Protein chains: 2
Amino acid sequence: MSALEGLIVTRSTAAQQVAAGLASRIVAGAFAPGSRLRESAIATELGVARNTVREAVRILELSGLVRHEVNRGAVVISPTPEKVEELYAARERLETAAVSRAAEAPELDALRKAYEDLVDAAASHDVLRIVDVDLTFHATIVSMLHSSRIDEFYAGLLVELRFYLTVLSLEDREFEHPDDILTEHREILEAIESGDPAAAAQHVRSHIERNGKRVLEILHGRD
Amino acid sequence: MSALEGLIVTRSTAAQQVAAGLASRIVAGAFAPGSRLRESAIATELGVARNTVREAVRILELSGLVRHEVNRGAVVISPTPEKVEELYAARERLETAAVSRAAEAPELDALRKAYEDLVDAAASHDVLRIVDVDLTFHATIVSMLHSSRIDEFYAGLLVELRFYLTVLSLEDREFEHPDDILTEHREILEAIESGDPAAAAQHVRSHIERNGKRVLEILHGRD
DNA sequence: TACAGTTCAACTGTTCTACAGTTGAACACA
DNA sequence: TGTGTTCAACTGTAGAACAGTTGAACTGTA
């Protein structure tokens, strides 16, 4: 084992910083879904060249928060019913697959910890924090598949989902129901801990379906 | 149903064309794994500006064939043992999850057709075609999860894998063993068709593990 | 009023030139 | 063998320029 184990030098270019900055602004709701990112405006505002912004936008595309349209530039993704359904469908497949597998010790500890974080968060009534911890719980479930590639993929799905939830909860502050959330997650956790994969899968499935439907309802009720 | 159902106008920019061209050259083996894509050289050779090539490279990154390193530019991905293992692990998780679910009619037809294509391809002794049809069979398995997002993710994994296989089989022409391939795929297909998800999952698991190990051996035997 | 044609400012796609900073390899030196 | 030095090649970034596209405002017309 090297004395420099794990040390990684990360230099970041201007384009990467612009991309990171734009990403945080987007998830914070500074850009509405469907809105365009105008290159010249961003360039002059940040004091960088337009080329650099164009590159930043391409990097942003990797995170899935924007898509690039020819002659229109970067457009912030927006939650259509189809996309929300596809998102939740993917979640349901991955998470039920994960809990269906025999769970081993390390993840169970992590999952229980994630649940306890959720209990704390629920008490705080801080919606953003609840969402954050909630999604961490589910990422922990997926991590039981022991596949880094799938973990990365799932993390990307959650970035998207978190953005949608942020956007939607701005218009419906009563989105989260802490008690239901705790109950549903506890059911999942306990089914896994008691070594009942089938029950766990069923709880995961209905939990995700319920949530997906709720998001879709909020989405419909908006316009 | 509109008279223009499904019609999509796709204009492509120079950068997109450059990206597509580079992608096809890379998968064809024109750039060795680990080699750098020099911007100026590509720009002058293709008669486009360097900026355009830089953008093309960022687009290429979306396909996973290159990664961008600061001050070194675009580097063609290369098959390290870790990456190959992660790739096969992800495949194993997704495919076993897919066959574990009750399969419905439409996919079974598609899967049987994919198998018959494989029989044809095996007879041709055309390695590239065999690989192609083989991977299509597995993509069809994953499609039984009915998740477009997962299908896209899996397609990305296969792009990577196909590249690795192309690169490796250039050095080991005897990589494919048509008879074994047919046997293993037939076992999977028949287990699914006979409604035995557990057996199907076991066949998928051992098939993928066997293949992963073989690729790792070829990888080790190279250097 | 509803619809089609025109105009125009804003913006994207692309090129070109320029330069500072980084890298990697060759070379010299100890 | 290992450590400085030099240098050419290349990346990151800026800035200016221009053709082509888009969308919205405006005009004319039935």
Side-chain angles (χ1 to χ4, degrees), chain A residues 2-4 7-23 25-26 30-63 65-78, chain B residues 2-4 7-23 25-26 30-63 65-78:
Chain A
S2 157
L4 297 177
L7 173 59
I8 297 178
V9 179
T10 52
R11 274 153 303 188
S12 79
T13 65
Q16 287 171 338
Q17 292 176 41
V18 172
L22 287 176
R25 304 303 168 87
I26 290 174
F31 294 89
S35 66
R36 294 168 59 179
L37 268 48
R38 269 172 242 91
E39 296 167 0
S40 332
I42 295 170
T44 57
E45 187 168 346
L46 297 182
V48 298
R50 191 157 74 93
N51 281 339
T52 304
V53 174
R54 280 181 74 82
E55 220 178 303
V57 157
R58 291 299 189 177
I59 295 173
L60 249 189
E61 237 183 333
L62 288 172
S63 73
L65 287 174
V66 305
R67 66 179 188 289
H68 197 98
E69 297 181 3
V70 175
N71 282 322
R72 299 195 74 234
V75 179
V76 179
I77 58 171
S78 54
Chain B
S2 157
L4 297 177
L7 174 59
I8 296 177
V9 179
T10 52
R11 274 153 304 187
S12 76
T13 65
Q16 288 170 337
Q17 293 175 40
V18 172
L22 288 176
R25 304 304 167 88
I26 290 174
F31 294 90
S35 65
R36 294 168 60 178
L37 269 48
R38 269 173 242 93
E39 295 167 359
S40 332
I42 295 170
T44 57
E45 187 168 348
L46 298 181
V48 298
R50 190 156 75 93
N51 281 341
T52 304
V53 174
R54 281 181 73 82
E55 220 178 304
V57 157
R58 292 298 190 179
I59 296 173
L60 249 189
E61 237 182 333
L62 288 172
S63 73
L65 287 175
V66 305
R67 65 178 188 289
H68 197 97
E69 299 182 2
V70 175
N71 283 323
R72 299 196 72 235
V75 179
V76 178
I77 58 172
S78 54

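Being a predicted model, the structure only gives us computed values, none of them experimental. Reminder, nothing fancy here: chain letters follow the sequence lines and each chain counts from 1.
Looking at heavy atoms from C-beta onward, B/Val76 lies in side-chain contact with B/Leu37 at the 4.5 angstrom threshold. In this structure, the side chains of B/Leu46 and B/Val53 stay at 4.5 Å or more apart for every pair of heavy atoms. Residues B/Ile77 and B/Val66 have side chains not in contact (no heavy-atom distance under 4.5 Å, counting atoms from C-beta outward). Contact of the A/Arg58 side chain with the A/His68 side chain is registered, since non-hydrogen atoms from C-beta on lie closer than 4.5 Å.
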Can you check nucleotides 20-22 of chain C for protein contacts, nitrogen or oxygen pairs under 3.5 Å, and list what you find?
residue : atom : partner : partner atom : Å
C/dT22  : O3'  : B/Asn71 : ND2          : 3.1

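Side-chain nitrogen and oxygen atoms of B/Thr13 include at least one within less than 4.0 Å of the OP1 or OP2 phosphate oxygen of C/dT14. Contact between the side-chain N/O atoms of A/Ser40 and the OP1/OP2 oxygens of C/dA10 is not found at any separation under 4.0 Å. Between B/His68 and D/dT11, a side-chain N or O to OP1/OP2 separation shorter than 4.0 Å is absent.
Remark: D/dA30 base-pairs with C/dT1; criterion is Watson-Crick or G-U wobble with both hydrogen-bond distances under 3.5 Å.
Between the CD1 atom of B/Ile42 and the C1' atom of C/dT15 there is a distance of 17 Å, given to the nearest Å. Rounding to whole angstrom units, CZ of residue B/Arg72 and P of D/dG12 are separated by 11 Å. The CD-P distance, from B/Gln17 to C/dT14, rounds to 8 Å in whole Å. The nearest whole Å value for the distance from the CD atom in B/Gln16 to the C1' atom in C/dT12 is 13 Å. Atom CZ in B/Arg36 sits about 13 Å away from atom P in D/dA9, given to the nearest Å.
Nucleic acid contact for A/Glu69: sugar-phosphate only, since backbone atoms but no base atoms lie under 4.0 Å from a heavy atom of the residue.
For the pair A/Arg67 and A/Glu61, the salt-bridge criterion is not met [side-chain N within less than 4.0 Å of a carboxylate O].
A residue-by-residue look at A/Ala15 and B/Arg38 shows that B/Arg38 has its nearest nucleotide of DNA chain D further toward the 5' end.
Crowding of A/Arg25 atom CZ: a count of heavy atoms from other residues, nucleotides or ligands under 6.0 Å not exceeding 12.
Residues of residues 44-61 of chain A that place a heavy atom closer than 4.0 Å to DNA chain C, in numerical order, are A/Arg50, A/Arg54.
Of the possible donor and acceptor atoms, one in the side chain of A/Gln16 sits under 3.5 Å from a partner among the backbone N and O of A/Thr13. Not one N or O on the side chain of A/Ser35 forms a donor-acceptor pair closer than 3.5 Å with the backbone of A/Phe31. Using a distance-only test at 3.5 Å, with no hydrogens or angles considered, a donor-acceptor pair links the side chain of B/Arg36 to the main chain of B/Arg72.
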